[in-house]
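Some notes on the structure that comes next.
Side-chain atoms are counted along with the backbone in the values below, which use heavy atoms only and exclude waters and symmetry mates.
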Amino acid sequence: MGQMSIGDAIKQVLESNGWKQRMLQIRMRTDWEKIVGKTIAKYTQEVHLYNRILTITTTVAPLKQELRYAKDQLIQSINQHFGEAVVKEIQIK
């Protein structure tokens, strides 16, 4: 049996039990303001991450449009913040 670091073992347990997805969802909500800034975070009602698809809900039409134009940049910023590819697609509602 090969050796594994404690960090790798924890990652493996989280992934095999489905906890990693839940932890990413919680971290996305708590870090949202750090990622997008105070103004965007203030006008965002909901942020939901599931299966690498981030759903952002806002009632502000200009913000919806701005987020649509900046999808690729936002995906890059989020993945950079997390240090891994956690978002592959963004949906704006």
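Counting only heavy atoms from C-beta outward, the side chains of I92 and K71 approach each other to under 4.5 Å. Side-chain contact between I90 and L67: absent, with no pair of heavy atoms (C-beta onward) separated by less than 4.5 Å. Residues T59 and K64 are not in side-chain contact: their nearest non-hydrogen atoms beyond the backbone lie 4.5 Å or more apart. Using a 4.5 Å cut-off on side-chain heavy atoms (C-beta onward), L49 and R27 make no contact. Considering only heavy atoms from C-beta on, L74 comes within 4.5 Å of I56 through its side chain.
Heavy atoms only, all atoms of each residue included: I53 and K88 are closest at CG1-CE, 4.4 Å. Scanning all heavy atoms of the two residues, the minimum distance from M28 to F82 falls at CE-CE1, 3.6 Å. Of all the heavy atoms in E66 and I40, the pair that sits closest is OE2-CD1, 4.2 Å.
Taking CD of E84 as the reference point, atom CD1 of I78 lies at 12.5 Å (rounded to 0.5 Å). Atoms OG1 and CD, on T58 and Q45 in that order, are 4.5 Å from each other to the nearest 0.5 Å. Rounding to the nearest 0.5 angstrom, the gap separating the OG1 atom in T44 from the CD atom in E33 is 10.0 Å. Separation of atoms CD (E89) and OG1 (T55) is listed at 8.5 Å; rounding is to 0.5 Å. The line from CG of L54 to CG of L24 is 11.5 Å long, rounded to the nearest 0.5 Å. Annotation: the span from R29 atom CZ to I26 atom CD1 amounts to 8.0 Å, rounded to 0.5 Å.
Placement of V47 and Y43 within a single hydrophobic cluster is found when ILVMFWY residues are connected by side-chain heavy-atom separations under 4.5 Å, directly or transitively. One hydrophobic cluster, built from ILVMFWY side chains closer than 4.5 Å, holds both V60 and I35.
The 12-atom threshold is exceeded at CD of Q91, counting heavy atoms of other residues, nucleotides or ligands nearer than 6.0 Å. For Q73, the CD atom sits in a loose shell: 12 or fewer heavy atoms of surrounding residues, nucleotides or ligands are nearer than 6.0 Å.
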